[in-house]
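One structure below.
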Amino acid sequence: MMEIKCMIVDDEALAREGLKKYIRSFDFLSLTAACNHAVAAREVLETTPIDLMFLDINMPKMSGLHLLETLSDPPATILITAYPDYALDGFRLDVLDYLLKPVSLARFTKAVQKAQEFFTLRQQASAGTPAPAMDYIFVKHKQLYEKVMLADILFVESMQNYVLIQTTQAKIIAYLTFKSVEQQLPADMFLRIHKSYIVNLKHISTIDSNAVQVAGHTLPVSRSQRELLMQVVNRRLLTK
């Protein structure tokens, strides 16, 4: 398990102590520095490798958002603040998560698990080692990285400059290319049935000459992809 070097930036002493206590609860987190204002944090970041920063927003001298905006290579960041009004600003700066004070251990745990998964995937990508088969993907949605379970995806639709991922619970708009999403989805579960649609085979309920039904949605099947779809269906019929 990789070690994640952490940094706390918060002008409230009680908040810093609470975060220190939480960090000590996780073996994969290592506290490298704790600063009471953003100027001190900048000095640390110039000389010390930091993987993950827990950053307060409202601080004297320089706000946390201003610090994040002016760093040329900021570490992965989890914003922690008492003010929900700043959420959109945080999302714009690609933060991993946004926690509201007072932060519970349960919510902190969810945030650091998301960070752990983010660093694990990044490490595998940089090392060039194939990632193990996983039952989820991460999608950048509203400037956060959101975990999406593969089993929950009904279909993916291309929408010019972005994709719509329809799950069993919600619609997710992500600024990704259709091709990049297709490459991430396992071929034994998903099939492109049209130039604009990828479908989860498990959720198809009926197939006719040029369309499929998926949880109440009618999706077109192109002529070129229909033969491939029927091959997949026939293989599954023969194994039963």
Side-chain angles (χ1 to χ4, degrees), residues 76 87-98 110 113-115 117-126 128-240:
L88 289 178
D89 292 308
F91 298 156
R92 174 176 55 83
L93 294 168
D94 290 350
V95 299
L96 279 182
D97 211 335
Y98 186 97
K110 184 176 180 180
Q113 286 175 340
K114 181 185 294 185
E117 291 168 340
F118 170 79
F119 283 111
T120 299
L121 292 174
R122 191 171 75 174
Q123 185 183 53
Q124 290 167 346
S126 63
T129 55
M134 293 185 178
D135 58 358
Y136 62 87
I137 58 172
F138 272 100
V139 175
K140 189 176 180 182
H141 173 55
K142 295 181 179 178
Q143 302 303 315
L144 286 178
Y145 293 93
E146 181 173 343
K147 179 193 278 188
V148 181
M149 304 305 295
L150 296 179
D152 292 340
I153 297 174
L154 299 176
F155 61 86
V156 180
E157 181 180 359
S158 174
M159 305 286 284
Q160 294 184 341
N161 297 325
Y162 59 92
V163 296
L164 183 154
I165 301 175
Q166 178 68 59
T167 74
T168 54
Q169 295 90 20
K171 290 182 180 179
I172 298 173
I173 303 298
Y175 288 91
L176 298 167
T177 66
F178 190 64
K179 183 177 179 180
S180 68
V181 175
E182 184 178 15
Q183 289 172 343
Q184 290 188 66
L185 297 175
D188 62 333
M189 288 181 64
F190 293 87
L191 181 69
R192 183 170 62 82
I193 57 172
H194 184 273
K195 65 179 182 180
S196 300
Y197 288 93
I198 299 169
V199 68
N200 187 332
L201 295 165
K202 182 185 75 172
H203 290 290
I204 293 177
S205 56
T206 62
I207 303 172
D208 63 24
S209 59
N210 58 6
V212 296
Q213 292 290 323
V214 179
H217 301 270
T218 301
L219 308 181
V221 179
S222 67
R223 184 177 302 175
S224 60
Q225 292 300 105
R226 176 174 168 74
E227 183 177 350
L228 180 58
L229 173 61
M230 295 313 299
Q231 287 176 2
V232 172
V233 171
N234 287 332
R235 281 201 303 270
R236 301 201 173 200
L237 284 172
L238 291 171
T239 59
K240 290 187 177 181

Report the distance from atom CG of D97 to atom NZ of K114, rounding to the nearest 0.5 Å. 4.0 Å
Heavy-atom check, side chain of I153 versus side chain of L185, under 4.5 Å: yes
Taking C-beta and beyond as the side chain, do K195 and F178 meet within less than 4.5 Å on heavy atoms? no
Would you list the atom pairs, donor with acceptor, under 3.5 Å between side chains in residues 162-169 and any protein atom, with sequence neighbours excluded?
residue, atom, partner, partner atom, Å
Q166, NE2, A170, O, 3.4
T167, OG1, Q169, N, 3.1
T167, OG1, A170, N, 2.9
T167, OG1, A170, O, 3.0

List in chain and number order the residues that pass salt bridge (Lys or Arg N to Asp or Glu O under 4.0 Å) with K147, two or more places apart in sequence or in another chain; answer none if no residue qualifies. E117
Going from CZ on F190 to NE2 on H203, what distance comes out if it is rounded to the nearest 0.5 angstrom? 7.5 Å
Within a strict 4.5 Å, meaning less than it, do heavy atoms of the L229 and I204 side chains meet? yes
Pairs meeting criterion salt bridge (charged side-chain N to carboxylate O under 4.0 Å, His left out) with involvement of residues 164-184, two or more places apart: E182-R192
Any chance you could measure K202, atom NZ, to M189, atom CE, to the nearest 0.5 Å? 6.0 Å
Sequence-distant partners of S224, side-chain hydrogen bond (donor to acceptor under 3.5 Å, both in side chains), two or more places apart: S222
Which residues share a side chain to side chain contact (heavy atoms under 4.5 Å, CB included) with T218, sequence neighbours left out: A211, Q213
Please, which pairs that meet side chain to side chain donor-acceptor pair (under 3.5 Å) have at least one residue in residues 150-159, sequence neighbours excluded? E157-Y197
Which heavy atom of N200 sits nearest a heavy atom of A151, and at what distance? ND2-O, 4.0 Å
Salt bridge (charged side-chain N to carboxylate O under 4.0 Å, His left out): which pairs involve residues 221-231, sequence neighbours left out? none
Residues two or more places apart in sequence or in another chain: which of them pass ring-ring contact (aromatic ring centres under 6.0 Å, His included) with F155? H217
For F118, give me all partners under ring-ring contact (aromatic ring centres under 6.0 Å, His included), at least two apart in sequence or on another chain. Y145
Hits for side chain to side chain contact (heavy atoms under 4.5 Å, CB included) against Q113, two or more places apart or cross-chain, chain-then-number order -> T109
Shortest non-hydrogen separation from I193 to P220 and the atoms involved: CD1-O, 3.5 Å
V148 side chain near L150 side chain, heavy-atom distance below 4.5 Å: no
